[in-house]
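Below is one structure, written out as structure tokens; the observations come after it.
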2 protein chains.
Amino acid sequence: MAIHRASISDLAAQLNLSVSTVSRALSDNSRISAETKKRVWDLARQLNYQPNQLAAALRNGRSNTLGVVVPHIDGHFFALVLKGIETIANQAGLNVMICQSNEDVNQEKKNIKTLLNAQVDGILVSLALSTRDFRHLDEVRDQGIPLVFFDRILEDPGVSAVVLNDYQGGYEATVHLIEQGCRRVAHLGGPQHINICKNRYQGYADALRDHGLVADPRLVHFSDLSMQDGCLGMEFLLGHDARVDGVFSCNDLALVGAMQVLKRSGRTIPHDVALAGFSNELFASLTEPMLTSVDQRCELMGQTAVQMLLEMVAKGAEHVPARQVVLQPELLIRGSSSRTPRETLSMAV
Amino acid sequence: MAIHRASISDLAAQLNLSVSTVSRALSDNSRISAETKKRVWDLARQLNYQPNQLAAALRNGRSNTLGVVVPHIDGHFFALVLKGIETIANQAGLNVMICQSNEDVNQEKKNIKTLLNAQVDGILVSLALSTRDFRHLDEVRDQGIPLVFFDRILEDPGVSAVVLNDYQGGYEATVHLIEQGCRRVAHLGGPQHINICKNRYQGYADALRDHGLVADPRLVHFSDLSMQDGCLGMEFLLGHDARVDGVFSCNDLALVGAMQVLKRSGRTIPHDVALAGFSNELFASLTEPMLTSVDQRCELMGQTAVQMLLEMVAKGAEHVPARQVVLQPELLIRGSSSRTPRETLSMAV
DNA sequence: TTCGTTTGTGCAAACGTTTGCACAACTATT
DNA sequence: AATAGTTGTGCAAACGTTTGCACAAACGAA
């Protein structure tokens with residue numbers, strides 16, 4: 001029935017007004033008399049008039065849509081960031097298109113292309129682990145589309161970005177392990193060309209140094225941080241030094257793999273080996289014992305990023321100086337690392 | 001620099017052709033000579049011409065965008081479904097807008113409104129747990145927008161939908177528990193106005209009946225299936241009958257809560273109580289022991305749903321008879337339920 | 001009375017496509 | 001030689017907005 005959406009010209013015809021007057025009335029233009037506005041609004045409501053966003057977009061050169069590229073949407077972190085993004089964007093009357101790169105540069109390139117084609121007004125990106133070539137992102141800036149990175153960023157003072165203080169997170173987690181009595185703290189690290197992985201590692205390394213511990217390169221293992229990578233990494237680390245008594249992992253998933261290997265080898269946690277991860281994934285509270293983890297400010301990160309983007313969209317990307325916001329992490333101490341005093345003193349199996 | 005996107009008329013001007021000829025050449029219209037096509041294509045490539053989707057959308061009355069409403073995007077299930085949706089949609093050259101209802105009807109209404117406003121060509125919906133009023137969905141159909149449900153559907157033969165055979169899943173999981181020797185199998189159920197929860201419960205109940213076991217209503221607890229609900233539910237069940245020796249849960253999350261309560265009460269799993277969940281969440285493989293769970297065919301479900309939607313978009317919603325596709329689940333047996341023969345025979349702690 | 005100002009409205013172009021129709025230039029058929 | 005058909009191209013309208021400009025009416029000031 002109501003297969004035909006009412007348009008501005010329908011309103012105009014019924015009210016014996018011109019299209020332009022109706023348009024101005026709807027946008028509350030000061031040149032239109034109060035009486036006319038009321039007539040227009042009343043009829044609009046009655047006919048359930050909904051503006052045609054596409055037409056407006058074409059005319060204005062703005063689509064009222066933002067694009068987001070994330071490595072994946074499962075996992076606590078990105079899900080919450082996206083929630084933050086959606087909330088603010090919707091408040092501002094903007095739609096959001098979400099694309100997953102599946103941690104693959106090529107998919108990421110396609111995503112960017114898709115979003116540019118859809119003529120989004122701005123793009124938020126968190127880079128795939130495999131991204132080492134950034135030309136597809138240059139294209140975004142060449143087209144004058146506002147671009148804001150979050151979490152996994154392109155490290156370049158010229159870009160706007162929101163990140164967690166990953167260094168601080170790595171530092172605090174490692175210090176915590178040391179305070180729990182660990183002396184041979186290993187690290188499961190991610191690809192070092194990714195800012196977050198590098199910074200977490202750096203925090204770890206500096207924490208060891210600041211506490212007079214040697215940073216043994218053989219106690220560090222880099223991988224892509226899947227659960228299996230965590231298993232293999234832990235086996236590798238134990239192969240070099242069976243006396244590892246603490247592990248700080250760049251993410252929670254790899255840490256779960258590591259925990260399984262440690263348990264299988266007969267070690268108890270946190271007694272023999274204390275563990276701390278990163279991201280505070282949902283499952284970090286489901287393991288036994290629960291994982292100590294660094295909480296990222298997920299929703300806040302999403303909100304902050306989208307706010308920066310909105311400012312750039314409003315003022316034009318070139319009129320907003322690039323800036324980088326750094327959020328402070330929070331270490332959540334749980335069973336995988338908290339040794340009671342007695343445990344700290346007692347000895348191995 | 002390249003701040004101005006080349007348009008069809010730019011091409012036309014440079015080639016001394018009319019806009020219409022260029023448009024037809026680009027769409028490979030048979031009326032255009034091979035030579036002209038080549039000239040157009042060459043220049044288009046050279047100028048990096050990208051069609052203005054908004055203009056085309058306005059003219060065609062189709063936005064080339066699909067909308068999806070999901071309860072949330074964290075969790076294995078919806079993440080994978082969305083991946084399936086995105087894959088197929090992108091192959092078909094369509095964009096995807098994803099909205100989260102956060103299990104809230106009101107947010108779901110807003111999402112639908114947003115998508116209708118954005119003039120998507122079709123909508124995929126998985127209902128929020130709290131949705132009991134379906135008027136916002138009627139509006140979609142009134143506007144003639146194709147609509148396909150998946151997983152949590154509106155049970156009405158008039159709508160198209162893709163679901164898992166949840167009944168079968170519940171049945172198989174329960175039978176499995178019975179075969180492991182369980183005689184007092186409890187159930188943690190979800191809201192019964194949601195098809196999936198009702199069907200899983202029904203499968204559970206029928207499995208008990210078919211195996212000559214009494215379905216004690218006090219061994220069933222309904223909730224919204226959060227982890228905390230699982231804890232409370234389990235305490236409730238144990239309060240009624242401390243001899244519960246099996247639990248089939250409508251989802252994995254509540255089951256984790258239940259497992260914690262059981263462990264805390266000194267029971268061992270699967271020895272004293274065998275557990276089976278639903279959804280095969282990522283964390284189902286991270287608990288100790290790992291959770292037996294019913295795998296939903298996530299990606300397949302997304303792909304199937306979007307294919308149905310695409311057909312409706314292509315042919316017009318009213319020209320495609322409503323149909324419901326039922327996918328078969330797969331029971332993944334893991335440690336939380338598999339008692340070795342010896343365990344099955346031996347007695348409690 | 002004449003001129004400027006304010007107030008409210010309308011005209012028409014523009015955004016970049018797509019497409020029905022017309023038409024010109026050939027080619028083939030009678 | 002006249003007619004019909006084919007092939008390649010262009011004109012112009014349409015999709016639903018927004019907005020610069022023009023203009024008419026009403027009013028006040030000189």
Side-chain angles (χ1 to χ4, degrees), chain A residues 3-41 43-44 47-65 93 95 116-121 143-144, chain B residues 3-41 43-44 47-65 93 95 116-121 143-144:
Chain A
I3 200 83
H4 175 69
R5 292 169 62 127
S7 74
I8 277 196
S9 51
D10 295 331
L11 298 187
Q14 289 199 38
L15 293 170
N16 275 318
L17 286 172
S18 73
V19 177
S20 41
T21 301
V22 175
S23 171
R24 280 190 260 254
L26 289 170
S27 58
D28 205 10
N29 186 302
S30 65
R31 305 290 301 269
I32 303 297
S33 72
E35 192 206 331
T36 304
K37 281 183 189 170
K38 183 164 170 14
R39 289 176 62 213
V40 171
W41 288 339
L43 185 63
L47 298 187
N48 189 28
Y49 167 77
Q50 300 291 98
N52 185 326
Q53 284 196 32
L54 294 167
L58 176 60
R59 162 69 213 212
N60 297 330
R62 299 186 38 195
S63 63
N64 273 308
T65 302
N95 304 316
L116 288 177
N117 258 306
Q119 285 157 283
V120 294
D121 296 333
Q143 292 199 21
Chain B
I3 201 81
H4 176 68
R5 289 169 64 126
S7 74
I8 277 197
S9 52
D10 294 332
L11 299 187
Q14 289 200 37
L15 293 170
N16 273 320
L17 287 172
S18 73
V19 178
S20 41
T21 301
V22 174
S23 171
R24 280 190 259 256
L26 289 171
S27 59
D28 205 8
N29 186 302
S30 63
R31 304 290 301 268
I32 303 297
S33 71
E35 193 206 331
T36 304
K37 282 182 187 170
K38 182 162 168 20
R39 287 178 62 213
V40 171
W41 288 339
L43 185 63
L47 298 187
N48 188 29
Y49 167 77
Q50 300 292 96
N52 184 328
Q53 283 195 33
L54 294 168
L58 176 59
R59 160 72 212 210
N60 297 330
R62 299 187 37 195
S63 63
N64 274 309
T65 302
N95 304 316
L116 287 177
N117 259 308
Q119 286 158 284
V120 294
D121 295 332
Q143 293 200 20

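In what follows, chains carry the letters A, B, and so on, assigned in the order in which the sequence lines appear, proteins first and then strands, with residues in each chain numbered from 1.
Contact of the A/Gln50 side chain with the B/Leu116 side chain is not registered, since no non-hydrogen atoms from C-beta on lie closer than 4.5 Å.
Expressed to the nearest 0.5 Å, how far CD1 of B/Ile32 lies from CG of B/Leu17 amounts to 8.5 Å. The structure places CZ of A/Arg39 at 7.5 Å from CG of A/Asn16, a figure rounded to the nearest 0.5 Å. Put simply, CG on B/Asn95 and CG on A/Asn117 are 8.0 Å apart, with the number rounded to the nearest 0.5 Å. Distance check, rounded to the nearest 0.5 Å: CG of A/Leu58 to CG of B/Asn52 gives 6.0 Å.
Residues A/Asn64 and A/Asp121 share a closest heavy-atom pair of N-OD2, 2.7 Å. Here the closest heavy-atom approach between residue A/Gln53 and residue B/Gln119 is recorded as N-OE1, 3.1 Å. Contact detail for B/Trp41 and B/Leu26: the closest heavy-atom pair is NE1-CA, 3.8 Å. Considering every non-hydrogen atom in both A/Arg5 and A/Pro51, the closest pair reads NH2-O, 3.4 Å. Taking all atoms of both residues into account, the shortest heavy-atom contact from A/Ala57 to A/Ser63 is CB-CA, 3.7 Å.
A rotation axis mapping the C1' atoms of four pairs onto the next four is fitted at both ends of the helix from C/dT1-D/dA30 to C/dT30-D/dA1 over five pairs, and the angle between these axes is 70° to 10 degrees.
B/Asn29 comes within contact range of no nucleotide atom at all, as no heavy-atom separation falls under 4.0 Å. Among the protein residues, B/Ser7 comes within range of the sugar-phosphate backbone only, with heavy atoms under 4.0 Å from sugar or phosphate atoms but none that close to a base. Residue contacts for A/Ser27: at a heavy-atom cut-off of 4.0 Å it reaches no nucleic acid atom on any strand shown. Using a 4.0 Å heavy-atom cutoff across all strands shown, A/Ser23 reaches at least one base atom of the nucleic acid.
Toward the 5' end of DNA chain C, the nearer of the two residues B/Ser9 and A/Ile32, judged by each one's closest nucleotide, is A/Ile32.
Bounding nucleotides for the chain A contact on DNA chain C, 5' to 3', at a heavy-atom distance below 4.0 Å, are C/dT7 to C/dG16.
At a non-hydrogen distance threshold of 4.0 Å, A/Leu58, A/Arg59 from residues 47-63 of chain A come into contact with DNA chain C.
Residue B/Val22 forms a side-chain contact (heavy atoms from CB on, under 4.5 Å) with just one option from B/Asp10, B/Leu43, B/Val40, and that option is B/Val40.
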